[in-house]
> 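My questions will all concern the structure given below.
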Amino acid sequence: MPKLRNIIFLLLIVGALWHFYGETFNESGFLGVFKDIHSDVNELKENPKVTGAIDDFKQETHLLVTQLRDFLHGDEQQGEPDLDTNKPRLDTPREQSFSIHNVELGDDRQQVEEIAGNPERTTTNEYGAQWVTYHENYQNFFMASYDENDKVVGLYTNQDLLTSTNGITFDSTRDSVLSTLDDPLKGIRKGFVTYQFENNQEYNTFLIENNYVTIFYDKHEDFTVTAIQIISSDLEQQKKQYFAKPSEELREGFEYQLFDLTNASRVNHGLSILTWEESVRQTARDHSTDMADNNYFSHTNPEGQSPFDRMTEDAIAYSMAGENLATGQPSSIFAHEGLMNSLGHRENKLNKDFKALAIGVDFNKDSQPFYTENYITK
């Protein structure tokens with residue numbers, strides 16, 4: 001049956017061509033027919049009404065195909081976040097002043113995972129505990145830390161998952177936070193030493209209900225709240241110094257945490273998520289080690305090599321690349337929030353053309369971490 005349809009269709013085409021070009025064929029053969037068809041096509045192409053109709057047809061066809069594809073495949077476009085997907089209903093905190101994703105300090109881990117599902121990653125943090133990371137393709141992103149009894153003792157998010165009993169939200173400004181809460185802490189005591197907080201307007205730390213609540217602000221968005229970290233007093237006291245004791249577990253923890261924080265921020269801005277590029281990790285680590293060991297902080301190393309020179313030397317293939325550096329911050333969270341408030345570093349984190357990222361961390365003799373982020377597109 002299909003073969004018969006093809007024959008009939010072919011005969012119809014031949015008949016139509018004979019109707020229009022039969023006389024030319026009798027006079028000039030196939031070459032004459034070809035020239036006539038070519039001439040007629042060019043006349044049609046030069047007719048503005050015809051070209052306009054063709055353009056309209058193309059646009060409508062493209063729109064129809066796009067709508068059909070979206071209908072059939074939903075939101076399966078890889079890396080493109082849907083910021084409204086499964087956003088939870090956020091309730092007023094039950095017992096604490098703040099909750100994140102309806103989770104409060106003191107909640108059981110089982111309760112948390114009934115709300116948020118299974119974790120995506122577990123990494124060592126600066127408190128000698130772990131950050132357990134929850135998200136859905138980096139939407140509804142938050143991290144929780146648990147004590148030995150699986151009670152929540154730490155929370156962090158940089159997405160709009162915050163509720164409070166005092167009206168503070170991610171729409172609040174720094175001024176409104178300061179007018180709502182008691183005076184922020186000027187420092188924190190560790191042993192016999194008090195470490196002063198930076199007075200750079202990028203964050204404030206408050207002691208609320210015996211918890212250390214750090215609220216971060218976005219300098220590029222009118223100093224509105226951009227993240228919050230809540231740490232119990234007991235967990236904070238586990239950290240004996242300003243900088244945590246270095247370990248391979250902490251190094252890897254800081255690396256993966258920075259990666260996850262970057263992707264969560266990209267989702268906030270409607271950007272595709274980055275993939276982890278393992279081949280670049282050693283390049284980033286080597287530069288952090290070099291800075292830590294040789295007491296400098298620069299994109300250019302003492303040998304005069306740029307980030308691009310170092311990647312090329314390590315046989316990293318890329319069509320575009322970028323590098324962010326940070327040091328002095330006690331954790332990946334403080335490093336990330338600081339980089340987001342520095343315009344050039346922020347542009348790397350939110351560059352729509354970057355496709356992959358790897359991070360390398362190392363520590364100097366004083367336990368101070370050095371962070372190197374390498375972004376690439378192959």
> Would you say CG of Asn149 has more than 12 non-hydrogen atoms from neighbouring residues, nucleotides or ligands within 6.0 angstrom?
yes
> Checking side chain to side chain contact (heavy atoms under 4.5 Å, CB included) against Ile333, which of Leu261, Leu258, Asn125 comes through?
Leu261
> Is any side-chain heavy atom of Pro119 closer than 4.5 Å to a side-chain heavy atom of Glu113?
yes
> Just to verify, what does Phe354 make a ring-ring contact (aromatic ring centres under 6.0 Å, His included) with, not counting sequence neighbours?
Tyr375
> Could you go step by step and tell me if Leu339 and Glu373 meet the side chain to side chain contact (heavy atoms under 4.5 Å, CB included) rule?
CA-CA 10 Å; Leu339 289 168; Glu373 298 179 341; 3.7 Å; yes
> Is the shortest heavy-atom distance from the side chain of Asn166 to the side chain of Leu181 under 4.5 Å?
yes
> Using a strict threshold of under 4.0 Å (side-chain N to carboxylate O), is an ion pair present between Arg121 and Glu255?
no
> Of all residues at least two apart in sequence or in a different chain, which pass the ring-ring contact (aromatic ring centres under 6.0 Å, His included) check with Phe370?
none
> Does any non-hydrogen side-chain atom of His287 lie less than 4.5 Å from one of Asn301?
yes
> Check side-chain hydrogen bond (donor to acceptor under 3.5 Å, both in side chains) between Gln368 and all other residues, then give those that pass, not counting sequence neighbours.
Thr327
> Going by side chain to side chain contact (heavy atoms under 4.5 Å, CB included), name the residues that satisfy it together with Arg189, two or more places apart in sequence or in a different chain.
Phe192, Thr194
> Looking only at heavy atoms, what is the nearest atom pair of Leu235 and Ala129, with distance?
CD1-CB, 4.0 Å
> Just do the side chain to side chain contact (heavy atoms under 4.5 Å, CB included) check on Thr157 and Phe170 with the steps written out, would you?
CA-CA 11 Å; Thr157 189; Phe170 269 48; 4.2 Å; yes
> Is the backbone of Asn140 close enough, under 3.5 Å, to the side chain of Gln159 for a donor and an acceptor to pair up by distance?
yes
> Considering all heavy atoms of both residues, which atom of Arg266 and which atom of Lys349 are nearest to each other, and what is their separation?
NH1-O, 2.9 Å
> Decide yes or no on side chain to side chain contact (heavy atoms under 4.5 Å, CB included) for Thr163 and Asp91, but give the supporting numbers first.
CA-CA 7 Å; Thr163 52; Asp91 301 322; over 6 Å; no
> Will you find, in the side chains of Thr214 and Thr205, an N or O donor that is under 3.5 Å from an N or O acceptor?
yes
> Does the side chain of Gln329 come within less than 4.5 Å of Glu337's, by heavy atoms?
no
> Looking at Ser172 and Val177, would you say the former's side chain and the latter's main chain have a donor-acceptor pair under 3.5 Å?
no
> Does one side chain, of Gln229 or Tyr212, offer a donor that lies under 3.5 Å from an acceptor on the other?
no
> Using 30° and 60° as the class limits, which term best fits the ring planes of Phe216 and Tyr203: parallel, tilted or perpendicular?
tilted
> Under 4.0 Å between a side-chain nitrogen and a carboxylate oxygen: does that hold for Asp108 and Lys151?
yes
> Which pair of non-hydrogen atoms, one from Val213 and one from Ile228, has the smallest distance, and what is that distance?
CG1-CD1, 3.9 Å
> Would you say that more than 12 heavy atoms from the other residues, nucleotides or ligands in this model lie under 6.0 Å from the CG of Asn295, or not?
no
> Should Arg346 and His269 be marked as a side chain to side chain contact (heavy atoms under 4.5 Å, CB included) after you check the CA-CA gap, both sets of side-chain angles, and the distance that decides it?
CA-CA 12 Å; Arg346 180 190 185 94; His269 291 83; 3.7 Å; yes
> In terms of the angle between their ring planes, are Trp276 and Phe259 parallel, tilted or perpendicular, with boundaries placed at 30° and 60°?
perpendicular
> In plain terms, say whether Lys190 and Glu236 are close enough for a salt bridge, that is, a side-chain N and a carboxylate O under 4.0 Å apart.
yes
> Regarding Ser99 and Asn102, do their side chains bring together a donor and an acceptor under 3.5 Å, going by distance alone?
no
> Between Glu126 and Lys239, is the closest basic N to carboxylate O distance under 4.0 Å?
no
> Check Phe197 against Ile188 and note the closest heavy-atom contact, atom names and distance.
CZ-CB, 3.9 Å
> Between Ile100 and Leu155, what is the shortest heavy-atom contact and its length?
CD1-CB, 3.7 Å
> For Pro307, give me all partners under side chain to side chain contact (heavy atoms under 4.5 Å, CB included), at least two apart in sequence or on another chain.
His299, Arg310, Glu323
> How are the rings of Phe254 and Tyr371 set to each other: parallel, tilted or perpendicular (split at 30° and 60°)?
tilted
> Testing Met320, Met311, Lys355 for side chain to side chain contact (heavy atoms under 4.5 Å, CB included) with Ile376, which one passes?
Met311
> Would you find more than 12 non-hydrogen atoms of other residues, nucleotides or ligands less than 6.0 Å from Gln110 atom CD?
no
> Who are the side-chain hydrogen bond (donor to acceptor under 3.5 Å, both in side chains) partners of Asp286, not counting sequence neighbours?
Gln282
> I want to check something: taking the side chain as every heavy atom from C-beta on, are Asp290 and Tyr296 in contact at a cut-off of under 4.5 Å?
yes
> Heavy atoms only: give me the nearest Thr123-Gly253 pair and the separation to one decimal.
CB-CA, 3.7 Å
